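Have a look at the structure that comes next, please.
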Amino acid sequence: MKKIEAIIKPFKLDDVVAGLSEAGMVCGMTVTEVRGFGRQKGFIEVYRGKEYEVRFLPKLKIEIVLSDELVERTVNIIIENSKTGDVGDGKIFVYPIEDAIRIRTGQRGEEAL
């Protein structure tokens with residue numbers, strides 16, 4: 001099993017979810033509002049005549065745990081549906097998962113997904 005963690009622009013979430021749903025790739029995911037910066041660095045904002053720097057930009061973190069066979073296809077769907085071609089499109093990380101347990105039934109491994 002693997003965990004895919006994708007940091008994307010907030011307005012691309014619906015496209016990513018639609019792409020994954022159409023492909024029948026994912027039966028569940030977790031989405032968290034996060035803030036961060038990379039090469040994008042932030043920007044200068046003016047509020048009531050005073051300038052201030054916005055360093056941490058709003059992003060969304062998508063977390064999906066799935067079987068090894070589905071990882072590459074899922075990553076490609078996320079890329080296709082979140083890419084704008086601009087700086088700040090995000091990153092995808094893939095982690096190994098040792099075990100998963102469904103609390104309600106006690107199922108383990110891929111059965112728990």
Side-chain angles (χ1 to χ4, degrees):
M1 292 180 298
K2 301 278 194 235
K3 176 182 179 183
I4 297 174
E5 195 172 277
I7 310 296
I8 63 169
K9 292 183 176 184
F11 67 89
K12 298 304 281 183
L13 178 63
D14 290 338
D15 295 339
V16 170
V17 171
L20 292 170
S21 295
E22 286 173 19
M25 297 300 295
V26 177
C27 59
M29 69 174 65
T30 301
V31 178
T32 310
E33 293 180 8
V34 296
R35 295 188 170 278
F37 73 91
R39 292 185 181 159
Q40 202 172 6
K41 301 286 190 225
F43 57 91
I44 303 296
E45 184 79 26
V46 177
Y47 180 71
R48 294 188 178 185
K50 186 170 182 166
E51 286 188 1
Y52 66 96
E53 185 177 4
V54 177
R55 293 184 186 178
F56 294 96
L57 302 174
K59 303 286 182 179
L60 292 179
K61 178 168 65 170
I62 300 172
E63 297 173 275
I64 305 168
V65 178
L66 37 69
S67 63
D68 293 343
E69 305 83 50
L70 301 175
V71 170
E72 197 60 36
R73 188 164 172 221
T74 302
V75 166
N76 288 333
I77 290 170
I78 294 170
I79 291 169
E80 289 170 18
N81 289 284
S82 62
K83 184 177 182 178
T84 66
D86 297 328
V87 174
D89 273 351
K91 296 266 192 302
I92 299 174
F93 307 98
V94 180
Y95 305 97
I97 296 294
E98 190 172 314
D99 199 4
I101 299 105
R102 184 184 308 264
I103 294 172
R104 180 176 53 88
T105 63
Q107 293 170 305
R108 296 184 81 102
E110 289 188 23
E111 279 185 356
L113 301 179

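The chain is numbered in sequence order, starting from 1. Because the structure is a prediction, the values reported are computed rather than measured.
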By the side-chain hydrogen bond (donor to acceptor under 3.5 Å, both in side chains) test, which pairs, at least two apart or in different chains, include something from residues 15-35? Lys12-Asp15
Sequence neighbours excluded and cut-off under 3.5 Å, please list the side-chain donor-acceptor pairs for residues 71-79, or say none.
residue: Thr74; atom: OG1; partner: Leu70; partner atom: O; Å: 2.7
residue: Asn76; atom: ND2; partner: Glu72; partner atom: O; Å: 3.2

For the side chain of Lys59 and the backbone of Gly88, is there at least one donor-acceptor N/O pair under 3.5 Å apart?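 Here the side-chain-to-backbone pair exists.
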Applying side-chain hydrogen bond (donor to acceptor under 3.5 Å, both in side chains) to Lys3 and not counting sequence neighbours gives Glu63
Any chain of hydrophobic side-chain contacts (each under 4.5 Å) joining Val31 to Val94? yes
Under the side-chain hydrogen bond (donor to acceptor under 3.5 Å, both in side chains) definition, can you give me all pairs with a residue in residues 92-113, not counting sequence neighbours? Glu5-Tyr95, Asp99-Arg108, Arg102-Gln107, Thr105-Gln107
Which Ile, Leu, Val, Met, Phe, Trp or Tyr residues join Val65 in one cluster when any pair of side-chain heavy atoms under 4.5 Å counts as a link?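 So far as hydrophobic clustering goes, Val65 is joined with Met1, Ile97, Leu113.
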CG of Leu20 to CE of Met29, rounded to nearest 0.5 Å, is 5.0 Å
Heavy-atom closest pair, residues Gly19 and Asn81: CA-ND2, 3.8 Å
Hey, is the main chain of Thr84 close enough, under 3.5 Å, to the side chain of Asp89 for a donor-acceptor pair?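 Pair found, side chain donor or acceptor close to backbone of Thr84.
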Check for me, please, whether Ile64 and Val34 land in the same ILVMFWY cluster - side-chain distances under 4.5 Å, paths through other members count. no
Residue from Val16, Ile7, Leu13 passing side chain to side chain contact (heavy atoms under 4.5 Å, CB included) with Leu60: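 With Leu60 as partner, side chain to side chain contact (heavy atoms under 4.5 Å, CB included) holds for just one option, Leu13.
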Identify the two heavy atoms, one from Ala112 and one from Ala100, that lie closest to each other, and give their separation to 0.1 Å. CB-O, 3.6 Å
